[in-house]
Amino acid sequence: MRIARIVGICQNPRMNETRVIQTADDDSKEAVREAAAVLRSGDIAALPTETVYGLAADAFDADAVAKVFAAKERPSFDPLIVHIATRGDLARVAVVPDAIAATVNQLTSAFWPGPLTLVLPRHPDIPDIVTSGLPTIAVRQSAHPVMRAVIRELGRPVAAPSANRFGRISPTSASAVLKELGGRIPLVIDAGACREGLESTIVSIEPREGKKPVLRLHRAGPVTKEMLQPFGKVEKPKADPGSAPQTPGQLPGHYAPSTPLVLMESARDFHPEPGKRYGLLSYRGDGPWVDLHHWDRIETLSPGSGKLAEAAVRLFHCMRTLDEAGLDTIVAEPVSETGLGVAIMDRLRRASTGAPDDHRD
Ligand code: AMP
Ligand code: MG
C-alpha cells in the first residue's frame with residue numbers, strides 16, 4: 001500500500017518543481033524514505049517539526065547547507081539549528097564541557113524531545129557554514145516523529161532553520177512553506193499543522209561556582225522562563241556592543257508580514273486614517289479592541305478555550321492570513337506577558353514596523 005502521496009507540484013516558470021508528499025505522523029515510511037533520499041543526494045527538503053516547518057540539509061554536508069542559505073536568502077552570518085534524532089547523537093555535533101554536563105543532562109531529560117534548543121561548544125566535524133563560524137552550535141531533538149524518522153533514516157543530523165525566506169513569517173503548514181519557498185526547493189513533506197506554532201526556545205548555559213548556572217535566554221519560545229527556572233537563573237543574553245548580534249533571528253524586523261503591522265500597547269494609540277483598510281489581530285475575538293473600529297478583517301488568535309497555547313499555535317497562520325487580505329495596516333492587540341505570552345509578544349514586537357506614531361504621518 002502506498003502510504004505517502006504526492007499531492008501537488010508547485011511550479012514557478014523561472015524555477016524548478018517542488019514536490020509535496022502528504023503523510024501521517026504514524027504512517028510515514030514512504031515520505032521518510034523519500035526525504036532521506038533527497039538529503040542523502042546533497043539536496044534540501046522542508047520537513048515538519050512540532051514548532052514550525054524546517055528547511056533541512058545534512059548537517060555534515062557544507063554544500064547542502066549552502067543550498068539552505070540560498071533558498072532562504074539567509075545571510076551567512078545567521079547560524080542554523082541542528083536537529084538530532086536521539087540524545088546520544090549530541091556527542092556527534094557538540095562537545096559538552098564537564099562544568100555544564102549535569103545541567104545539559106537535566107535540561108535534555110526535562111525537555112527533549114521538544115522545543116528547547118541548547119547552544120553548546122561545537123564538534124570539530126561540523127562545517128563552519130552551519131554555525132556561521134561561531135565556536136558554538138545550536139542543537140535540539142525534535143519531538144516530531146517524521147523529523148526524527150528522517151534523521152534516523154539518513155543516519156546523520158540535519159541543519160534545519162525555519163522554512164521561510166529570511167526575515168519573513170515562519171511557516172506552520174506545508175501550504176505556508178510553498179508560499180515561501182515553492183519552486184526553490186525540491187520537496188516538502190506535509191504532515192499537517194505544527195503543534196506548537198512558535199520557534200523553539202534557545203538557551204546557553206554558564207556555570208557558576210557552587211551555584212545553579214545562568215541560563216541565557218537567546219530566544220523566548222514554548223519552553224517558558226517559568227519552566228526553565230528550576231534548572232538555573234534565567235537571564236537575557238549579555239549585550240555585546242560593536243559585534244554581530246549573538247542571535248540574528250532576534251533582530252527587529254524578523255517574522256514580519258509584507259503589510260505594515262503595528263503592535264498597539266493601548267487602544268488609545270489607534271488613530272485610523274480615512275479611506276485606509278485596517279485589519280485586527282485579536283486575542284479573543286471580542287472586547288474593546290474589536291469594538292474600536294469597523295475593521296476590514298479580524299483574525300482571532302484564541303477563538304476556542306486554548307488561550308495562550310492556542311494563540312501560539314495560530315499566531316503565524318493569522319499573521320499570514322491578514323497579510324494576504326489587501327490591508328494597509330495590521331493592528332495587533334497585546335497579549336498578557338506571562339508564560340507563552342512572552343514568546344508571542346516577542347514575535348509581535350519583532351514583526352511590528354514601528355510605533356503607532358510612525359503610521360500617523
Ligand atoms: P531559525 O531556525 O530560522 O529560527 O534560526 C535559528 C536561530 O538559532 C537563529 O535565530 C540563530 O541565530 C540561532 N542560533 C543558531 N546558532 C546559534 C548560536 N551558536 N548561538 C546563538 N544563537 C544561535
Ligand atoms: Mg527563522
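The residues of the chain are indexed from 1 along the displayed sequence. Ligands are counted one by one from 1 in listed order, and the atoms in each one are counted from 1 as well.
- Taking every heavy atom of both residues into account, P113 and A143 meet most closely at CB-CA, 3.6 Å.
- Against a heavy-atom cut-off of under 4.0 Å, D78 is close to the following atoms of ligand 1: 9 (C), 11 (C), 12 (O).
- Atom numbering of ligand 1 starts at 1 in the shown order; those under 4.0 Å from a heavy atom of I202 are 7 (C), 8 (O), 13 (C).
- For T117, no heavy-atom contact with ligand 1 is shorter than 4.0 Å.
- Among the atoms of S162, an N, O or S atom is found under 2.8 Å from the Mg ion (ligand 2).
- The V119 neighbourhood of ligand 1 comprises atoms 18 (C), 19 (N), 20 (N), 21 (C), with distances under 4.0 Å to a heavy atom of that residue.
- In this structure, I81 is part of the shell of residues with a heavy atom less than 4.0 angstrom from ligand 1.
- Taking OG from S204 and NZ from K238, the interatomic distance works out to 8.5 Å, rounded to the nearest 0.5 Å.
- Salt-bridge annotation for K67 and D63: absent, with no side-chain N of the basic residue lying under 4.0 Å from a carboxylate O of the acidic one.
- Look at E73 and R168 and you find no salt bridge, because none of the NZ, NE, NH1 or NH2 atoms lies under 4.0 Å from a carboxylate O.
- Within the structure, ligand 1 lacks N164 among the residues with a heavy atom less than 4.0 angstrom away.
- The main-chain N or O of G304 is found under 3.5 Å from a side-chain atom of R284 such that the two form a donor-acceptor pair.
- No part of T131 comes within 4.0 Å of ligand 1, judged by heavy-atom distances.
- The minimum heavy-atom distance between G221 and L340, with the atom names listed, is O-CD2, 4.2 Å.
- Taken from OG1 in T201 to CG in L116, the straight-line distance is 6.0 Å, to the nearest 0.5 Å.
- The pair E180-R320 counts as a salt bridge, with a side-chain nitrogen and a carboxylate oxygen less than 4.0 angstrom apart.
- Checking K72, E199, R122, R74 against atom 6 (C) of ligand 1, the nearest heavy atom belongs to R74.
- Numbered from 1 in the order shown, with element, the atoms of ligand 1 that lie under 4.0 Å from a heavy atom of T136 read 18 (C), 19 (N).
- Defined by atom type and a distance below 3.5 Å, a donor-acceptor pair is missing between the side-chain atoms of T86 and R152.
- Looking at G54, P79, S162, it is P79 that brings a heavy atom closest to atom 15 (C) of ligand 1.
- Taking every non-hydrogen atom of L134 and a distance limit under 4.0 Å, the qualifying atoms of ligand 1 come out as 18 (C), 19 (N).
- The distance from ligand 1 to the heavy atoms of L80 drops below 4.0 Å at these ligand atoms: 15 (C), 16 (N).
- Taking every heavy atom of R219 and a limit of under 4.0 angstrom, the matching atoms of ligand 1 come to 1 (P), 4 (O), 7 (C).
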